[in-house]
Amino acid sequence: MAMSELIEKKKKLFNRVFGMKYSLSLIEMKAWDNKDGRELAEVSFAYGELMTALDIQVVCVEIAKWLGGELYGTVNLDFSGDEPSLEMMVEFQ
């Protein structure tokens, strides 16, 4: 399955898989081939305000595995706006 097809499928399933369990709401999900040959994806979502740092770590690792990759780089938290959100990167093997 092409990366773009996988991402489109996962976008449709994200809220059903993670929304009910963790109160997450998908903002954006996109993937691309990096210049160095790696396939990367970026996922951003709004999350419940009561999540601890450990909860956030567990969720990010679960999302990366669910997409078929591993958490890559840093996780960015955004507290501006109406609800906190998070942006993370996934590296595919």
Side-chain angles (χ1 to χ4, degrees):
M1 180 183 309
M3 185 61 60
S4 60
E5 292 173 8
L6 172 71
I7 293 299
E8 287 305 312
K9 180 180 176 184
K10 296 294 186 175
K11 277 182 184 180
K12 292 175 183 171
L13 292 172
F14 185 92
N15 289 338
R16 190 175 329 155
V17 174
F18 295 101
M20 294 170 63
K21 186 174 182 180
Y22 296 110
S23 298
L24 305 182
S25 178
L26 182 66
I27 296 171
E28 184 177 15
M29 183 184 300
K30 59 185 175 183
W32 66 93
D33 292 321
N34 209 28
K35 292 178 182 178
D36 60 9
R38 294 180 294 166
E39 290 181 318
L40 300 173
E42 181 179 274
V43 181
S44 58
F45 55 87
Y47 61 92
E49 294 179 24
L50 298 177
M51 289 184 79
T52 66
L54 181 58
D55 293 336
I56 291 170
Q57 178 185 7
V58 168
V59 165
C60 289
V61 169
E62 278 190 39
I63 290 170
K65 285 181 183 177
W66 179 70
L67 286 171
E70 295 180 353
L71 190 59
Y72 175 76
T74 60
V75 172
N76 299 310
L77 302 175
D78 182 358
F79 295 107
S80 64
D82 293 338
E83 56 186 342
S85 63
L86 180 149
E87 184 178 278
M88 59 180 267
M89 301 270 298
V90 176
E91 180 179 15
F92 298 95
Q93 301 302 318

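Everything quoted here is computed from the prediction, not taken from an experiment.
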Same cluster or not: are M20 and V43 linked, directly or through other Ile, Leu, Val, Met, Phe, Trp or Tyr residues, by side-chain heavy atoms under 4.5 angstrom apart?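 Shared cluster, no.
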Count I, L, V, M, F, W, Y as connected when their side-chain heavy atoms are under 4.5 Å apart, and connections chain through other members. Are L54 and L50 then in the same cluster?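 Not linked; separate clusters.
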Looking at [X] and [Y], what are the two nearest heavy atoms and their distance?
X: S44; Y: L26; result: O-CD1, 3.5 Å
X: G69; Y: V90; result: CA-CG1, 3.8 Å
X: I27; Y: A46; result: CD1-N, 3.7 Å
X: A41; Y: F92; result: CB-CE1, 3.6 Å

Please list all pairs passing the side-chain hydrogen bond (donor to acceptor under 3.5 Å, both in side chains) test where one or both residues lie in residues 75-85, with sequence neighbours left out.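 Residue pairs with at least one partner in residues 75-85: D78-S80.
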For E62, enumerate each residue passing the side-chain hydrogen bond (donor to acceptor under 3.5 Å, both in side chains) test, keeping only those at least two apart in sequence or located in another chain.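 Checked E62 against side-chain hydrogen bond (donor to acceptor under 3.5 Å, both in side chains); matches are Y22.
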For T52, what residues pass the side-chain hydrogen bond (donor to acceptor under 3.5 Å, both in side chains) criterion, not counting sequence neighbours?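 For T52, the residues satisfying side-chain hydrogen bond (donor to acceptor under 3.5 Å, both in side chains) (neighbours in sequence not counted) are D55.
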Report the residues that fulfil salt bridge (Lys or Arg N to Asp or Glu O under 4.0 Å) with E8, sequence neighbours left out, ordered by chain and then residue number.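 Only K11 meet the salt bridge (Lys or Arg N to Asp or Glu O under 4.0 Å) criterion with E8.
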Which ring pair (Phe, Tyr, Trp, His ring centres under 6.0 Å) pairs, counting each pair once, include a residue from residues 41-68, with sequence neighbours left out?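 Of all non-adjacent pairs touching residues 41-68, those that pass ring pair (Phe, Tyr, Trp, His ring centres under 6.0 Å) are F14-F45, F18-W66.
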Shared-cluster residues of L40, by chain and number - hydrophobic side chains joined below 4.5 Å: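 Besides L40, the cluster holds W32, Y72, M89.
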Side chains of L67 and L6, heavy atoms from C-beta outward: is any pair under 4.5 Å?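 They are not in contact (no side-chain heavy atoms under 4.5 Å apart), so the answer is no.
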Student check: side-chain heavy atoms of M88 and I56 closer than 4.5 Å: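 No - every pair of side-chain heavy atoms lies 4.5 Å or more apart.
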Pairwise salt bridge (charged side-chain N to carboxylate O under 4.0 Å, His left out) hits with a residue in residues 26-42, at least two apart: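 The answer is E28-K30, K30-E42, D36-R38, R38-E91.
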L24 and M51: CA distance, side-chain angles, deciding distance, side-chain contact (heavy atoms from CB on, under 4.5 Å) verdict: CA-CA 10 Å; L24 305 182; M51 289 184 79; 4.1 Å; yes
